[in-house]
Asker: 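Encoded as structure tokens, here's the structure I'll be asking about.
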Amino acid sequence: MADYTTSELMVARASKELTSGDVVFVGIGVPSLAVNLAYRMHAPGLCMIYESGAVGCVPTRLPISIGDPCLVTGSLAVVPMLDVFNLYLQNGKIDVGFLGGAQVDRFGNINSTVIGDYAKPKVRLPGSGGACEIAALAKKVVITINNSKRTLPERVDFVTSPGYLRGGRERESLGLSGGPDLVITDMGVYRFDPETREMVLVSIHPGITLETVRANTGWEVKAAADLQETPPPTPKEIKIIRDELDPQGIFLRSRAG
Amino acid sequence: MADYTTSELMVARASKELTSGDVVFVGIGVPSLAVNLAYRMHAPGLCMIYESGAVGCVPTRLPISIGDPCLVTGSLAVVPMLDVFNLYLQNGKIDVGFLGGAQVDRFGNINSTVIGDYAKPKVRLPGSGGACEIAALAKKVVITINNSKRTLPERVDFVTSPGYLRGGRERESLGLSGGPDLVITDMGVYRFDPETREMVLVSIHPGITLETVRANTGWEVKAAADLQETPPPTPKEIKIIRDELDPQGIFLRSRAG
Amino acid sequence: MSKVMTMKEAVGRLVRDGDLVVMEGFTHLIPFAAGHEIIRQGRRDLTIARLTPDLIYDQLIAAGCARKMIFSWAGNPGVGPLHAFRRAVEKGTPRPLEIEEYTHFGMVLRFMAGASNLPFLPTRNYPGTDLTKVNPAFKQIRSPYSDESLWCVPGLRPDITIVHAQRADNEGNTQVWGLYGVQKEAAFASQRVIVTVEEIVDASVIRSDPNRTIIPGIIVSAVVHEPFGAHPSFVQGAYDRDNDFYVAWDAVSKEAGGLKAYLDEWVYGVPDRAAYIKKMGARVRELQADTQMCAPVNYGF
Amino acid sequence: MSKVMTMKEAVGRLVRDGDLVVMEGFTHLIPFAAGHEIIRQGRRDLTIARLTPDLIYDQLIAAGCARKMIFSWAGNPGVGPLHAFRRAVEKGTPRPLEIEEYTHFGMVLRFMAGASNLPFLPTRNYPGTDLTKVNPAFKQIRSPYSDESLWCVPGLRPDITIVHAQRADNEGNTQVWGLYGVQKEAAFASQRVIVTVEEIVDASVIRSDPNRTIIPGIIVSAVVHEPFGAHPSFVQGAYDRDNDFYVAWDAVSKEAGGLKAYLDEWVYGVPDRAAYIKKMGARVRELQADTQMCAPVNYGF
């Protein structure tokens, strides 16, 4: 087994979605690591924005919350949250937003609110935070989540953050542009069919079989005709992640592949 | 003739409308002098706000514009104009606003937009600036203007800033509270009848007769039963105005009574 | 005149049973000392509103102070769930908690609408989310300038807003740097405002940099000098976020008993924040911020 | 990468005939140098928008650059009328000027709505004024939360916004202190943005005080180093407002001929702002600001 963890592979894969000049709405965990990896590897010109109001951040340590003081010190701007949402996000200045959640369904809708009924929840989750507006208003969304029947159901229990809703042109019909572009799980990478807007497996991680993916997805998942193998992280990427980005392994604890 | 000018009397009279703790929207000229006089005489706790965004100003010279740098240096706060209008004025934090204009009519409506027809103006005036919102949203408005048939017509050519409109309860019926409280001219002082909302002469300046006032007002002006004589400025007030507030006589040029 | 008083006085005079209370601060400047005093004084039936309830509202919920919560993200940032919040919502203990749920953008707009004395503000957000189905406060309007429909959120007008800041003068002219959050909007939306600060400074310090003032004294009811008043959250330029505390909170609060033991020791067990600091000992020094001063600017003319 | 270029390049590349142009700055930081370059390059059919057209738009109107003006107060502050504006409106010379008129609050809301990508914003202002009768862009909506009606103004989206500031880095991260006006909102509402500054500084200066940044480089198209670029308006901490110039402008501009003579000598007659400063001579030093530095703050953690 190669010396990298699945999380490290996910981080490396996510980082490749970013290009220099992108204005990126960063979250905590894998997204934060992916953006910082891209910044060091191939996208020195990208601009990190956190919903807490920090713009052009240069964190000197791994932020454990989106409001960490290290995001403020040395940043290019720190602005009121009213501006973050009105002038940056709603005004179309955010190129890429990263999102996770408890459930993502076949059409890229995300649930981070409740498992079960809203009024009598089986599990009460934290809720939207800024996720709903990022899903609605960022030019493009990248989702990271684990691959299981529980986390990738046919239909989410609650649509916290809109993807393509019930597919086809429903999202556009409600006046929304953008939408989820890519879903990265611990088993593979999915894109969305331009017509049906259904999640389609486009690459599969080394050592994972299509059967495994199908056995762990809540619907009869389609695979792309030219299904690829996800490129593993390079030694340089692994080194940056382990030595610079998450030296204590806070977000990438397990070293087991 | 006493050694004070009519302008000085107007400044002194206007200053008496202000009490310590008032939050005052200040304009240039007589209002600025009146507020600064009150601040030095009897209202050290009043808070001067300019629509330019300066709050708690301590001007070290006479500001010739509402955006003078002397209003910024040493002030308590300098805020975006969006906040001045939304968070301060519309949010009911302004106790007193001073306004002037080219015309004020019988019901305290102010015109600072055009003389004649709007499409083909005889005279094109500067327009509202912040006057309309101050008239609509300040808790109380004090107006200063010269007393002539031209400046005090029965009905203004154009309502830039709403007073009591056509009188009675029309202002309230449109959802506006507040309204003009006092009009100070070079001949007298007017208040508004609580029922009809018509301007009524309540005091007359020394040396002016009721006939003179009537001859110089655009409608059959009513005088209060207990018509008073406007108190002249005290020597101390005159000294502060001349030595501290307007030493070069920029706004109060003529020294003739 | 001076509005300086103790935390006990300020909370005693200005926070009332049944109030709609806001204690804002997005990760930064969360007024924990004020929250602890509210718990000590046993306020009841509060409606508590915040974007991120965080540990401060998890503690108020556990202490039985809250009847209802208005929020947009109820978690322990980077760690996990808020256990007292989940117990109240899932099991109704120690008492049922009514919830009214938005998103961060929605909460920010609610405060801005309230602060602007407007009944609502519109946004392009919310098409497709189920939140508008479970919360009837979301309403749609048609733009008079096009055939577009926009979702609106209603203005929020708290009875009392409490914020923590780096410094203020004794009349409450308050300056903040680092993350602003929504404190300015929440304060202007509120009937009463308490400002708790690391440092009370002479007005001349405030007046030397008027652009830093986010809350003017004219809207402030009380000023409380409360150093370290935001711990375990942080104050830019004063002390770091106590991330270990946030991580440890997960175990502390997992069971109602553990959380009650925490409150007994660290809230009911101390008279005020000064005693809390003393009890913390060396940890206080470990969190001290290093010095990275800004380049000063000239306000002369 | 660096966006630094000369004023000639910036205006040449980014300001086009027929554009909706905004040069903001409320008394403070009015970008006069940019206005003069637009006149020199002979732009035509511009729609010019500003709260207070001030002398800068009076000059553009006299030079025949403008077809339409959107504004809220057209006067010479503390002095009198804007004569070129009045001639254009009252007599149609040098060419008729279409006007679209608001109030300061209305213009601020138009910029904020544009910057927020909203079709409009509502206000409690405007009941009873005749402005809503002569400008059909004012429209009423009913609040979905009450039976109140509110007036709305439409979002404004300029093609190009030009602002002057104390300092920026070479990517356009721009800092302002003193009066803010509506520059931030105008810049975010705009398709293209030019920032002209007294000083271009290293990014480390900007990063030492991120709360001062009002315009981020990500929305800036060009950065122009233009010291004294706001004269006769002022720059807090750099130079005072030239009140004598504003007073003198009344006589200079009273007749079309006098204003043309001014443009010939001070705009067409000089190649750039450097030559304008040289021509001003000793007056430049007289306007120099004294030093009143702010108390610095700590951004460490």
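The sequence lines fix the lettering, A, B, ..., with proteins before strands; numbering per chain opens at 1. Side chains included, hydrogens not; waters and symmetry mates left out as well; all remaining heavy atoms used.
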Asker: Please tell me whether C:His225 and C:Glu198 have a donor and an acceptor in their side chains that are separated by less than 3.5 angstrom.
Answerer: no
Asker: Checking C:Glu148 against chain D: side chain, backbone, both or neither under 4.5 Å from a heavy atom?
Answerer: side chain
Asker: If we define contacts as heavy-atom pairs under 4.5 Å, which of D:Asn211, D:Thr123, D:Asn298 has the most with chain C?
Answerer: D:Asn298
Asker: Taking D:Thr291, D:Leu121, D:Val205 one by one, which has the highest count of heavy-atom pairs under 4.5 Å against chain C?
Answerer: D:Thr291
Asker: So what's closer than 4.5 Å to chain D heavy atoms on C:Leu179: side chain, backbone, both or neither?
Answerer: neither
Asker: Between C:Cys152, C:Gly155, C:Ser146, which shows the greatest number of heavy-atom pairs under 4.5 Å with chain D?
Answerer: C:Cys152
Asker: At what distance, to the nearest 0.5 angstrom, does CH2 of D:Trp151 lie from CG of D:Asn125?
Answerer: 11.0 Å
Asker: Given that the side chain runs from C-beta out, which part of D:Arg207 has a heavy atom under 4.5 Å from chain C: side chain, backbone, both or neither?
Answerer: neither
Asker: D:Phe26 vs D:His104, test: ring-ring contact (aromatic ring centres under 6.0 Å, His included). Steps then yes/no.
Answerer: CA-CA 10 Å; D:Phe26 193 82; D:His104 284 350; 5.3 Å; yes
Asker: Go through the atoms of C:Phe234 and report whether side chain, backbone, both or neither lie under 4.5 Å from a heavy atom of chain D.
Answerer: neither
Asker: Among the options D:Leu150, D:Asp240, D:Val297, pick out the one with the most heavy-atom pairs lying under 4.5 Å from chain C.
Answerer: D:Val297
Asker: Strictly distance-based, threshold 3.5 Å: is any side-chain N or O of C:Thr213 a donor or acceptor partner for the main-chain N or O of C:Pro216?
Answerer: no
Asker: Using side-chain heavy atoms (C-beta onward) and a distance below 4.5 Å, is D:Ile277 in contact with D:Met280?
Answerer: no
Asker: Give a yes or no answer on whether the side chain of C:His164 reaches the backbone of C:Thr196 with a donor-acceptor pair at less than 3.5 Å.
Answerer: yes
Asker: Based on non-hydrogen pairs under 4.5 Å, which of D:Gly237, D:Ala289, D:Pro296 is most in contact with chain C?
Answerer: D:Gly237
Asker: Hey, does the Lys NZ or Arg CZ of C:Arg241 hover above the aromatic six-ring of D:Phe301, less than 6.0 Å from the centre and inside 45° of the axis?
Answerer: no
Asker: Picking from D:Ala238, D:Pro122, D:Ala113, which has the most non-hydrogen pairs under 4.5 angstrom with chain C?
Answerer: D:Pro122
Asker: What distance do D:Tyr239 atom OH and D:Gln288 atom CD have between them, rounded to the nearest 0.5 Å?
Answerer: 9.5 Å
Asker: So what's closer than 4.5 Å to chain D heavy atoms on C:Ile141: side chain, backbone, both or neither?
Answerer: side chain
Asker: If you count heavy-atom pairs within less than 4.5 Å of chain D, which of C:Ser204, C:Ala137, C:Ser116 leads?
Answerer: C:Ala137
Asker: Is it the side chain or the backbone of D:Leu287 that comes within 4.5 Å of chain C heavy atoms, both, or neither?
Answerer: neither
Asker: Against chain C, label D:Pro210 side chain, backbone, both or neither, depending on which of its atoms sit under 4.5 Å from a heavy atom there.
Answerer: neither
Asker: Are the charged groups of C:Arg110 and C:Glu100 less than 4.0 angstrom apart, N to O?
Answerer: yes
Asker: Go through the atoms of C:Pro144 and report whether side chain, backbone, both or neither lie under 4.5 Å from a heavy atom of chain D.
Answerer: both
Asker: Classify the ring geometry of C:His231 against C:Phe245: parallel below 30°, tilted from 30° to 60°, perpendicular beyond 60°.
Answerer: perpendicular
